[in-house]
S.K.: 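Once you've had a glance at the structure underneath, I'll fire off some questions.
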Amino acid sequence: MTILVTGGAGYIGSHFVCLALSKGMKLVILDNFDNSSAQVLKAIADVTGVAPDFVEGDVRDKALLTRVMTEKQVESVVHFAGHKAVGESTQNPLKYYDNNVYGSVVLLQAMAECGVRKLVFSSSATVYGVPEFNPYTEDHRKKPFNPYGQSKSMVEDIMEDACRADPGLAMMALRYFNPIGAHPSGKLGEDPKGIPNNLMPYITKVAVGELKSLGVFGDDYDTVDGTGVRDYIHVMDLAEGHIRALEYLSAHSGYEAVNLGAGHGYSVLQVIQAFESVNGVAIPYDVKPRRDGDLAAYWADASKALRLLNWKTRLTIDDMVRDSWVWQSENPGGYGA
Ligand code: WQD
């Protein structure tokens, strides 16, 4: 049973690949290196002792997809490939609808042509939009307010419609909260190109001296200390959630959306404090104005993941900040070094 892992050289995808290979699962990665590099494949081989089967290509290339699915006898797909920068999506929505939505449609068409019936999709809590209540449950209404979140929500709806039309399909959208951390080996981690958008890679670049200080986007929210609160989840816990989803789909058909989060939130200052105390590295910061589009606080109701997948997070915020630092301090230049 070969798994096709699109975007398997990316941050989340590569951690899933490492875990799946360490469990003896058979997989092939498809990646166009848009937001990753061949160095990641080397790192996966270092960590697992297995050089992953790899095809360089784009999910929008249907001929390539059907060739890979046939030749590799693919039976399921884990679909990570997609653009994921909220700000960029607002500037360039068509880039997101082309790659994230059209790319997923082509993937689903190729799956239909090749009789591949199981799909795990990398979705996001951004699909919910402004919380009507916290924590978000999966039946919270979806009202994304940026093209990135909209693209994820559209793909979820397309998957649901496909499953309604063909009851033999088995598909699951995993709604990620805030993935951070890195593989405990220190050989894999988050390596965003340019100035990081997200909190943790920014913190680690300050810690390693590449950036001078962290800008904290607003300290006047209605939260424990005025700074934004998010549900951070260790990328290895997230990877495990995908393994459980594949197991679930081998025994159930139809479409499900499932939150993958810890079920509680930490503020920006609490993350900084955890990072400083666990790693013994000071993180200078200054408070800046709120960032456009930021929400004050949201976190997951993770009870459906426990009920359906027998999954919940095991790793703590201390594990997340420690593993993030081990990766960055041992790889100051990321994969580019
Ligand atoms: C977290 C908190 C910021 C940077 C986004 C996407 C989401 C998912 C994860 C893809 C917020 C604060 C951040 C900084 C800061 N991506 N912050 N200074 O915005 O919750 O979620 O990334 O799936 O879909 O929306 O993550 O890490 O950018 O921000 O103060 O330099 O840290 O205001 O409160 P976010 P983030």
Side-chain angles (χ1 to χ4, degrees), residues 7 10-13 15 35 79-90 96 99-100 121-131 134 136 142-153 155-156 173-181 190 192 194-207 210-235 238 241-242 259-262 265-275 283-300 317 320-321 324:
Y11 169 46
I12 316 280
H15 286 78
N35 191 21
H79 181 31
F80 293 103
H83 297 316
K84 63 169 191 173
V86 169
E88 184 192 42
S89 79
T90 308
Y96 279 68
N99 192 44
N100 295 7
F121 173 59
S122 164
S123 190
S124 169
T126 328
V127 302
Y128 294 119
V130 179
N134 254 319
Y136 286 125
K142 296 202 294 181
K143 204 170 176 198
F145 51 76
N146 55 64
Y148 163 73
Q150 184 66 23
S151 74
K152 291 295 185 180
S153 180
V155 176
E156 290 188 355
L174 297 177
R175 292 172 179 165
Y176 304 170
F177 280 70
N178 285 58
I180 62 173
E190 196 166 5
I195 303 284
N197 296 308
N198 296 131
L199 178 65
M200 186 48 74
Y202 205 107
I203 286 178
T204 57
K205 288 198 183 294
V206 170
E210 191 182 314
L211 296 170
K212 225 167 50 58
S213 83
L214 170 73
V216 174
F217 297 145
D219 65 350
D220 56 352
Y221 287 106
D222 181 14
T223 63
V224 58
D225 55 24
T227 65
V229 168
R230 296 290 184 274
D231 182 330
Y232 295 98
I233 168 174
H234 197 296
V235 66
L238 193 65
H242 290 71
N259 288 339
L260 290 189
Y266 288 97
S267 75
V268 176
L269 293 184
Q270 287 171 334
V271 173
I272 294 171
Q273 280 141 21
F275 190 95
I283 301 295
Y285 68 86
D286 39 31
V287 177
K288 302 261 174 134
R290 292 181 177 191
R291 180 172 64 176
D292 275 355
D294 269 357
L295 297 171
Y298 61 82
W299 60 98
I317 190 72
M320 295 177 217
V321 297
S324 294

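Whatever order the structure lists ligands and atoms in, that order sets their numbers, starting from 1. What you are looking at is a predicted structure, and each value in this text was computed from that prediction instead of being measured.
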S.K.: Which bit of Tyr148 gets closer than 4.0 Å to ligand 1, counting heavy atoms only: side chain, backbone, both or neither?
M.R.: side chain
S.K.: May I ask you to identify the nearest protein heavy atom to atom 20 (O) of ligand 1, giving residue, atom name and distance to one decimal place in Å?
M.R.: Arg230 NE, 2.6 Å
S.K.: Do any nitrogen or oxygen atoms of Val216 lie less than 3.5 angstrom from nitrogen or oxygen atoms of ligand 1?
M.R.: no
S.K.: Please answer whether the main-chain N or O of Trp299 pairs with a side-chain N or O of Asn134 as donor and acceptor at a distance below 3.5 Å.
M.R.: yes
S.K.: Considering distance alone, does some N or O of Lys84 sit under 3.5 Å from an N or O of ligand 1?
M.R.: no
S.K.: Do Pro196 and Leu211 have side-chain heavy atoms sitting under 4.5 Å apart?
M.R.: yes
S.K.: Any heavy atom of Tyr285 closer to ligand 1 than 4.0 angstrom?
M.R.: no
S.K.: Can you tell which part of Asn178 has a heavy atom less than 4.0 Å from ligand 1: side chain, backbone, both or neither?
M.R.: side chain
S.K.: Out of Leu214, Ile272, Asn198, whose heavy atom sits nearest atom 22 (O) of ligand 1?
M.R.: Asn198
S.K.: Are His15 and Leu238 packed together at the side-chain level, in the sense that at least one heavy-atom pair is separated by less than 4.5 angstrom?
M.R.: no
S.K.: Please check if the side chain of Arg290 supplies one atom and the backbone of Asp220 the other of a donor-acceptor pair under 3.5 Å.
M.R.: yes
S.K.: Does ligand 1 come near enough to Leu199 that some N or O of the ligand is less than 3.5 Å from an N or O of the residue?
M.R.: yes
S.K.: Going by the closest heavy atom to atom 2 (C) of ligand 1, which one wins out of Tyr11, Tyr232, Tyr266?
M.R.: Tyr232
S.K.: What do you reckon, does Phe217 have a nitrogen or oxygen under 3.5 Å from a nitrogen or oxygen of ligand 1?
M.R.: yes
S.K.: Please report the closest heavy-atom contact between Ser89 and Tyr148, naming both atoms and the distance.
M.R.: OG-N, 3.0 Å
S.K.: With no hydrogens and no angle check, is any side-chain donor or acceptor of Asp225 less than 3.5 Å from a backbone partner on Ser267?
M.R.: no
S.K.: Counting only heavy atoms closer than 4.0 Å, does ligand 1 sit against the backbone of Arg290, its side chain, both, or neither?
M.R.: neither
S.K.: Could you work out, for atom 18 (N) of ligand 1, the closest of Gly215, Gly87, Gly82, Gly149 by heavy-atom distance?
M.R.: Gly215
S.K.: Kindly indicate whether the side chain of Asn197, heavy atoms from C-beta on, has any atom under 4.5 Å from the side chain of Val86.
M.R.: no
S.K.: Within the 4.0 Å heavy-atom shell around Val86, which atoms of ligand 1 are there?
M.R.: 6 (C), 25 (O)
S.K.: For atom 24 (O) of ligand 1, which protein heavy atom lies nearest, and how many Å away is it?
M.R.: Thr126 OG1, 2.6 Å
S.K.: How far is atom 19 (O) of ligand 1 from its nearest protein heavy atom, and which residue and atom name does that atom have?
M.R.: Arg291 NH2, 2.9 Å
S.K.: Within the structure provided, determine whether Tyr298 and Arg230 are in side-chain contact (heavy-atom separation under 4.5 Å).
M.R.: yes
S.K.: Does a side-chain heavy-atom distance below 4.5 Å link Thr126 with Lys152?
M.R.: no
S.K.: Where does the angle between the aromatic ring planes of His79 and Phe121 fall among parallel (under 30°), tilted (30 to 60°) and perpendicular (over 60°)?
M.R.: tilted
S.K.: Among all protein heavy atoms in this structure, tell me which lies nearest to atom 8 (C) of ligand 1, with the distance rounded to 0.1 Å.
M.R.: Phe177 O, 4.3 Å
S.K.: For atom 34 (O) of ligand 1, what's the nearest protein heavy atom and its distance?
M.R.: Gly228 CA, 3.5 Å
S.K.: So among Val235, Val271, Ile180, which one has a side-chain contact (heavy atoms from CB on, under 4.5 Å) with Met320?
M.R.: Ile180
S.K.: Pick one of side chain, backbone, both or neither for how Tyr298 approaches ligand 1, counting any non-hydrogen atom pair under 4.0 Å.
M.R.: side chain
S.K.: Tell me whether Tyr202 has any N or O atom under 3.5 angstrom from an N or O of ligand 1.
M.R.: no
S.K.: Which of these, Ile12, Val268, Val206, Asn197, has its nearest heavy atom closest to atom 12 (C) of ligand 1?
M.R.: Val268
S.K.: Checking a contact table here: which protein heavy atom is nearest atom 33 (O) of ligand 1, and how many Å away?
M.R.: Asp294 OD2, 2.6 Å
S.K.: With rounding to the nearest 0.5 angstrom, report the OH to CG distance, Tyr232 to Asn178.
M.R.: 5.5 Å
S.K.: What distance separates Tyr96 OH from Lys84 NZ, expressed to the nearest 0.5 Å?
M.R.: 9.5 Å
